[in-house]
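A short write-up of the structure that comes next.
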There are 2 protein chains.
Amino acid sequence: MVTIYDIAKKANVSPMTVSRVINNSGNIRMATKEKVEKAIKELGYVPNSAARSLTSNQTKTLGLILTDISNPFFSKIARGAEDAAVETGYRVLMSNTDEDFEKEINYIDMMLSARVDGVLIAPTSDKTLDQIKRLSDHNIPAVLIDRTIEGFVGDYVLGDSYEGSRKLVEHLIDYGHRNIALINGPSNVSTARERQRGYLETLKLNDLPVHENYISEIDFKSVQAGNTKSTVAQLMQLNDKKRPTAIFAANNFIAISVMKALKELGLQVPEDISVVCFDEVEPVVYFDPFFTVAAQPASELGRIGIQFLIERVEQKNVEQERKIILPPDIHIRKSTRRME
Amino acid sequence: MVTIYDIAKKANVSPMTVSRVINNSGNIRMATKEKVEKAIKELGYVPNSAARSLTSNQTKTLGLILTDISNPFFSKIARGAEDAAVETGYRVLMSNTDEDFEKEINYIDMMLSARVDGVLIAPTSDKTLDQIKRLSDHNIPAVLIDRTIEGFVGDYVLGDSYEGSRKLVEHLIDYGHRNIALINGPSNVSTARERQRGYLETLKLNDLPVHENYISEIDFKSVQAGNTKSTVAQLMQLNDKKRPTAIFAANNFIAISVMKALKELGLQVPEDISVVCFDEVEPVVYFDPFFTVAAQPASELGRIGIQFLIERVEQKNVEQERKIILPPDIHIRKSTRRME
DNA sequence: GCGCTTTCGGTTACCGGTAACATAAAATTA
DNA sequence: TAATTTTATGTTACCGGTAACCGAAAGCGC
């Protein structure tokens with residue numbers, strides 16, 4: 001591997017001079033600079049960031065801890081985040097927790113040993129607070145994305161779950177639905193709590209009763225395992241008057257799984273039942289706008305999250321905590337129908 | 001930041017002993033080991049990989065250079081790759097080239113300065129060969145994914161573009177289509193060449209004429225800019241006999257754009273025209289299987305790619321070049337119809 | 001041409017680990 | 001119990017950069 005010393009020897013200067021040329025620091029005679037640059041080019045030298053970070057105490061690397069990069073919502077966040085990072089000269093280490101606390105801990109370890117300058121994280125649950133503390137104990141700032149956690153002090157960038165939820169439910173009510181079920185994610189995630197709050201309040205505001213068995217929680221692994229079917233089946237087994245005419249799926253992942261379950265149960269959407277959900281179900285939306293959704297500006301979330309994070313890393317605007325909550329766009333499409 | 005020296009002082013041993021405990025190397029008395037481990041835990045020490053990599057000459061980090069992580073095909077590759085990487089104790093640096101050669105060069109620079117142990121890359125074109133050479137000049141192995149490039153020596157993992165293309169076109173012919181247009185990606189990408197070859201050979205085998213203006217090329221940026229419409233419009237303006245009854249979109253990105261264009265032109269799929277494409281159009285496929293596609297095992301590709309890469313990095317199975325070509329699954333769905 | 005300031009470049013030490021060697025302590029053998 | 005081997009730990013130097021300090025050369029005023 002070519003080092004600064006090889007360049008120094010070739011250009012007949014000291015390693016320090018090479019370092020100065022690379023970093024454009026100090027006073028260097030033009031002739032010397034050119035000599036060094038020639039040697040660098042000829043030997044194809046690229047600085048070793050590991051060595052650099054040892055003295056500079058920064059790695060120019062950020063950690064991105066998300067649930068699952070193959071979920072379109074998160075892959076858009078990742079894309080926005082990565083774009084913002086390279087633009088500012090940072091690299092991004094990626095990871096997928098699958099909402100698993102143990103995996104999350106391992107990734108925190110990884111970020112710690114990689115000495116990343118900061119972490120943008122969608123925490124798996126409120127328990128993640130301890131992990132964020134571990135980061136800050138090592139002087140590594142964290143910005144939350146998509147979710148908050150209780151007791152967190154710092155910046156976060158979220159979609160407005162409460163408001164989106166309200167609007168989706170209002171839309172259903174507007175269409176004449178009175179029996180609306182909510183299939184939610186686990187309530188230890190803030191988005192689930194907010195969506196449930198929006199759901200409940202909207203029902204209350206419209207004087208609609210809340211049936212307890214309309215609300216179910218289903219976690220990432222159950223959805224993956226295909227356990228949504230029993231949840232849906234239970235809902236549909238309620239007797240006629242109580243049988244929901246609409247399902248509010250709390251995210252795209254659940255929505256897809258619900259659709260699958262409905263299909264297996266022989267039910268048509270929207271003829272037999274209406275379905276709405278949070279997050280866009282891409283990319284088909286462009287040519288077959290089917291799903292009525294609360295679409296979050298995912299790539300924007302990622303971009304802003306990284307910007308905040310880098311400002312924290314570089315000690316700018318550190319006085320205030322910034323809580324950004326971006327409103328989702330409600331797209332009314334064909335998965336909901338008016339009740340006669 | 002806590003270092004090995006802090007631990008050493010606290011545990012009243014030499015730094016070297018701490019190092020040995022951490023790496024489980026050499027002979028350490030049980031009592032000493034426990035003393036050190038206690039100190040590590042109490043101070044929350046995590047080894048600094050940068051310092052480590054300086055002596056070990058490896059970073060346990062791999063580079064992943066893809067077109068666009070927010071494209072479901074690539075996000076699945078990324079997921080498979082990242083999974084395989086962590087399982088083997090590696091980290092992953094992500095990047096998005098947008099098929100842009102300049103961006104790709106910058107990312108290669110980034111990988112070089114990060115001293116990644118290896119790179120898994122979907123090259124933007126045959127020109128990328130020089131960049132891969134830059135990597136190998138620095139002893140960094142590269143494995144290709146999704147695409148090959150001319151003159152490349154090493155491992156690659158691809159989907160079978162030729163075979164998938166043949167099957168899609170055969171399906172269309174089987175359905176009675178004789179006028180089949182191909183909207184391809186740029187021919188400096190191997191998949192485009194292979195898909196075109198499959199297209200042409202299948203037509204020839206079935207004694208169908210090849211109209212020159214049935215084949216068009218459209219690059220990533222044009223698709224992004226929404227320039228697909230003019231291409232599609234030109235096809236549809238051909239006089240009746242020559243007007244295509246089916247379009248073969250060479251990838252999911254093009255397919256979505258084609259669908260959009262058709263919609264704007266007021267054409268229905270599959271009533272007015274049939275459409276097939278390469279790559280799955282997820283995730284809607286699960287509940288609304290619409291598109292007839294050649295689905296590539298993306299996550300498998302990513303996983304195998306990383307496995308090969310790590311073997312190269314760790315100098316295992318290096319004698320032979322491995323060329324893996326996985327067959328796509330053909331899913332016949334509702335975007336194609338039989339001609340009467 | 002002499003002293004003073006500025007410019008340019010070199011030397012040394014250190015960042016946080018670890019390989020290689022050295023040495024002290026314990027265990028084993030004769 | 002002395003000699004020998006084995007085990008346990010310490011010391012030194014180095015990985016590839018850079019900060020901090022220092023000295024030589026060049027520019028400048030008089």
Side-chain angles (χ1 to χ4, degrees), chain A residues 1-40 43-61 109-117 138-140, chain B residues 1-40 43-61 109 112-117 138-140:
Chain A
M1 190 73 22
V2 182
T3 73
I4 213 173
Y5 297 91
D6 302 319
I7 306 297
K9 201 175 287 176
K10 177 142 192 163
N12 227 312
V13 294
S14 77
M16 197 56 224
T17 302
V18 179
S19 173
R20 280 192 266 255
V21 170
I22 292 166
N23 296 291
N24 235 307
S25 63
N27 295 315
I28 304 282
R29 219 186 312 158
M30 204 52 197
T32 312
K33 192 178 170 186
E34 279 164 3
K35 225 171 28 174
V36 171
E37 278 170 349
K38 192 169 156 245
I40 288 177
L43 297 183
Y45 167 77
V46 182
N48 181 333
S49 343
R52 255 185 184 164
S53 73
L54 217 49
T55 44
S56 73
N57 229 21
Q58 53 164 328
T59 54
K60 285 281 174 182
T61 304
D109 285 340
M110 173 179 121
M111 299 305 171
L112 244 22
S113 75
R115 295 290 193 273
V116 294
D117 295 334
H138 292 255
N139 268 315
I140 300 174
Chain B
M1 189 72 22
V2 182
T3 73
I4 212 172
Y5 297 92
D6 303 319
I7 306 298
K9 200 175 288 177
K10 178 143 192 162
N12 227 311
V13 296
S14 76
M16 197 57 225
T17 301
V18 178
S19 173
R20 280 193 265 257
V21 170
I22 293 166
N23 297 289
N24 236 309
S25 63
N27 295 315
I28 303 281
R29 218 187 313 159
M30 205 50 196
T32 312
K33 194 177 168 183
E34 280 164 2
K35 223 171 30 173
V36 171
E37 279 170 347
K38 190 169 158 245
I40 288 178
L43 297 183
Y45 167 76
V46 183
N48 181 332
S49 345
R52 253 185 186 164
S53 73
L54 218 48
T55 44
S56 71
N57 229 21
Q58 53 164 329
T59 54
K60 285 281 175 183
T61 304
D109 284 341
L112 244 21
S113 74
R115 296 288 194 274
V116 295
D117 295 335
H138 292 255
N139 268 316
I140 299 174

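Please read these numbers as outputs of a predicted model, since none were measured by experiment. Here is the naming used below: chain letters follow the sequence lines, and residue numbers restart at 1 for every chain.
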Distance in angstrom units between [X] [atom1] and [N] [atom2], rounded:
X       : N      : atom1 : atom2 : answer
B:Asn57 : C:dA19 : CG    : P     : 12 Å
A:Met16 : C:dA13 : CE    : C1'   : 12 Å
A:Ile7  : D:dG17 : CD1   : C1'   : 13 Å
B:Met30 : C:dA26 : CE    : P     : 19 Å
A:Ile4  : D:dG17 : CD1   : P     : 5 Å
B:Tyr45 : C:dG17 : OH    : C1'   : 7 Å
B:Asp6  : C:dG17 : CG    : P     : 9 Å
A:Ile28 : C:dT7  : CD1   : P     : 13 Å

Quiz item: Quick check: does any side chain N or O of A:Ser113 sit under 3.5 Å from a backbone N or O of B:Ser49, one acting as donor and the other as acceptor?
Solution: no

Quiz item: Is the backbone N or O of B:Thr59 less than 3.5 Å from a side-chain atom of B:Thr61, with the two atoms forming a donor-acceptor pair by type?
Solution: yes

Using OP1 and OP2 only, check whether a side-chain N or O of [X] sits under 4.0 Å from [N].
X       : N      : result
B:Thr17 : D:dG10 : yes
B:Tyr5  : C:dC14 : no
A:Arg52 : D:dG16 : no
B:Arg29 : D:dT7  : no
A:Ser53 : D:dG17 : no

Quiz prompt | B:Ala39 versus B:Lys10, closest heavy-atom pair with distance | solution =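 So the minimum-distance heavy-atom pair works out to CB-CG, 3.9 Å.
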
Quiz prompt | Minimal non-hydrogen separation, A:Lys60 against A:Asp117, with atom names | solution = N-OD2, 2.6 Å

Quiz item: Contact class for A:Ser56 vs. all strands (heavy atom < 4.0 Å): base, sugar-phosphate, or nothing?
Solution: nothing

Quiz item: Looking across every strand, which nucleic acid part, if any, lies under 4.0 Å from B:Ser14 by heavy atom: base, sugar-phosphate, or nothing?
Solution: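 Base contact - B:Ser14 has a heavy atom under 4.0 Å of at least one base atom.
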
Practice problem: Enumerate the residues from residues 19-27 of chain B whose closest heavy atom to DNA chain D is under 4.0 Å, giving them by residue number; use none for an empty result. | Solution: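 Contacting residues: B:Arg20, B:Asn27.
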
I want to verify a distance call: between [options], whose nearest atom is closest to the [X] side chain?
X       : options                : value
A:Thr3  : D:dG10, D:dG17, C:dG16 : D:dG17
A:Val13 : C:dG10, C:dG17, D:dG17 : C:dG10
B:Leu54 : C:dG9, C:dA19, C:dG16  : C:dG16

Quiz item: What distance do B:Leu54 atom CG and A:Asn48 atom CG have between them, rounded to the nearest 0.5 Å?
Solution: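 Those atoms lie 6.0 Å apart.
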
Practice problem: Kindly compute the distance separating CZ (A:Arg52) from CG (A:Asn57), expressed to the nearest 0.5 Å. | Solution: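 Spacing of CZ (A:Arg52) from CG (A:Asn57) equals 15.0 Å.
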
Quiz item: Which of these passes side-chain contact (heavy atoms from CB on, under 4.5 Å) with A:Ile4: A:Ser14, A:Pro47, A:Ser19?
Solution: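 Single side-chain contact (heavy atoms from CB on, under 4.5 Å) partner of A:Ile4 among A:Ser14, A:Pro47, A:Ser19: A:Ser19.
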
Practice problem: Have a look at B:Val18 and tell me which of B:Asn23, B:Thr3, B:Ile7 forms a side-chain contact (heavy atoms from CB on, under 4.5 Å) with it. | Solution: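 By the side-chain contact (heavy atoms from CB on, under 4.5 Å) criterion, B:Val18 pairs with just one of B:Asn23, B:Thr3, B:Ile7: B:Ile7.
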
